[in-house]
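Numbers here simply count residues along the sequence, with the first being 1. As the structure is a prediction and not an experimental result, all values here were calculated from the model.
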Amino acid sequence: MEFLAIAGIMIFVLIYTNRIDAKKFIGDVEPYFKMLMEDDYVFLLNVRYGGEDLDVNKLFNDRIKNAVLVFVAALAYFLFTNMSFINLLIAFILAAVTFKSPYTKLQNYYKANLSKINQMLPYYLKSLEILVQHYTVPVALARSIETAPEIFKSGLKKLIDKIESGDSSIDPYMDFAKEYPVKDSMRMMRLLYRLSLGAQESKQEQLVMFSKNVSSLQNKMREDKYKARLESMEKKTMMMLFATGGGILVLLLFAMMNMMSM
């Protein structure tokens, strides 16, 4: 324990005297920390905050910094009180909880607004369908950005940039679907890619197929929405029945006790 304390003091002195460049050290280890970033972290941030000014790296680095500070603070406390393997494990757990807490909050927000978020894609695709009738798919995508839901705008710009840079494969479309893993996004982006490859003669036929899929997806979303409302109403009705029944039982019990006491 004394060795750890001495090592900590030496590292602090070396950083304070500029023998060790702290910023360079952080920059060197940052790629390793990036491995801890969750696959859907960027998507959840876009869902929660949206906008082009979203600094994902800063928000993630803040998570790392807060976790490290909590670990160092807990370690310092245990070093001067009662350091043991269990306490060291507690310090790691506190750091892990601090690191995961912002991500958990994003997940909870997404789950609480899942129905609304999933409905954004089919309604966006419906407006895109109108544009595709008059323009090519890449042009229609570019023109749709202005009226697209806020959370999709940054992903659409990346998609357009990749297409304009010469990538004619399905990858830009799949990258968009992976960045926004809402319901049926993979399937719809594949259909959109096939529509972009279609010759002018077969475009109308493919557009009809795309339109049918969008309409089907919209109907499915409406059904899910009404189902969720129905389930919510059923739960409220059951709670009211239980509350009413419980109240009646309490009144009957109270009346019986009064009759017995007379």
Side-chain angles (χ1 to χ4, degrees), residues 4-5 7-16 18-81 83-118 120-121 148-159 161-162 174-183 185-186:
L4 288 174
I9 293 171
M10 288 181 64
I11 291 172
F12 174 77
V13 171
L14 289 172
I15 293 175
Y16 184 77
N18 293 325
R19 296 293 181 90
I20 295 178
D21 190 342
K23 289 184 178 180
K24 185 177 184 300
F25 174 75
I26 293 172
D28 291 339
V29 299
E30 187 176 349
Y32 299 101
F33 283 131
K34 285 291 178 64
M35 295 172 65
L36 299 173
M37 185 182 290
E38 298 82 0
D39 293 337
D40 58 348
Y41 181 60
V42 176
F43 165 69
L44 293 175
L45 282 176
N46 277 299
V47 168
R48 180 65 182 88
Y49 301 108
E52 299 176 23
D53 299 330
L54 186 64
D55 193 339
V56 176
N57 290 329
K58 182 181 182 302
L59 291 171
F60 183 74
N61 289 339
D62 286 343
R63 289 175 60 192
I64 295 290
K65 181 181 70 176
N66 292 336
V68 170
L69 288 174
V70 168
F71 177 76
V72 171
L75 193 63
Y77 173 77
F78 291 134
L79 279 172
F80 290 103
T81 53
M83 189 61 182
S84 64
F85 176 76
I86 297 298
N87 288 337
L88 182 62
L89 186 61
I90 290 173
F92 274 111
I93 292 173
L94 289 173
V97 170
T98 302
F99 174 73
K100 280 292 185 179
S101 179
Y103 175 71
T104 304
K105 290 179 180 178
L106 291 173
Q107 283 185 315
N108 291 337
Y109 177 84
Y110 175 68
K111 290 176 182 177
N113 297 272
L114 182 60
S115 177
K116 180 181 177 181
I117 295 165
N118 280 335
M120 292 181 181
L121 181 64
E150 194 66 33
I151 67 170
F152 293 147
K153 287 186 177 181
S154 62
L156 286 170
K157 288 181 179 179
K158 293 176 188 175
L159 171 61
D161 289 341
K162 290 175 184 177
M174 289 297 98
D175 289 342
F176 177 87
K178 290 174 184 175
E179 187 174 350
Y180 303 97
V182 294
K183 189 180 291 186
S185 60
M186 287 283 188

With Lys100 via salt bridge (Lys or Arg N to Asp or Glu O under 4.0 Å) - residues at least two apart: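 With neighbours one apart ignored, the set is Glu38.
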
Sequence-distant partners of Asp161, salt bridge (Lys or Arg N to Asp or Glu O under 4.0 Å), two or more places apart: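 With sequence neighbours excluded, Asp161 shows a salt bridge (Lys or Arg N to Asp or Glu O under 4.0 Å) to no residue whatsoever.
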
Pairs flagged by salt bridge (charged side-chain N to carboxylate O under 4.0 Å, His left out) wherever residues 66-76 is involved - sequence neighbours left out: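 Sorted pair list comes back empty.
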
Qualifying salt bridge (charged side-chain N to carboxylate O under 4.0 Å, His left out) pairs, either residue in residues 89-98, two or more places apart: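 Not a single pair qualifies under salt bridge (charged side-chain N to carboxylate O under 4.0 Å, His left out).
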
Side-chain ion pair, Lys158 and Asp175, N-O less than 4.0 Å: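 Asp175 and Lys158: not salt-bridged.
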
Heavy-atom pair of closest approach, residues Ala74 and Ala91: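 Looking at all heavy atoms of both residues, the shortest contact is CB-CB, 3.9 Å.
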
Atom of Lys153, atom of Ala148 and distance for their closest heavy-atom approach: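 Here Lys153 and Ala148 meet closest at CE-O, 3.3 Å.
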
Within-4.5 Å side-chain heavy-atom neighbours: Arg63 and Thr98: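 No, too far: nothing below the 4.5 Å cut-off.
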
Close side-chain approach of Tyr109 and Leu44, heavy atoms under 4.5 Å: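 No. Closest side-chain heavy atoms not under 4.5 Å.
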
Who pairs with [X] by side-chain contact (heavy atoms from CB on, under 4.5 Å), at least two apart in sequence or on another chain?
| X | answer |
| --- | --- |
| Leu89 | Ile93 |
| Asp62 | Lys58, Lys65 |
| Leu36 | Phe33, Phe60, Ile64, Phe99 |
| Lys105 | Ser101 |

Which residues share a ring-ring contact (aromatic ring centres under 6.0 Å, His included) with Phe71, sequence neighbours left out: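 Phe92.
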
Those residues that, when tested against Tyr103, pass side chain to side chain donor-acceptor pair (under 3.5 Å) (two or more places apart):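 Counting only residues at least two positions away or on another chain, Tyr103 forms a side chain to side chain donor-acceptor pair (under 3.5 Å) with Asp40, Gln107.
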
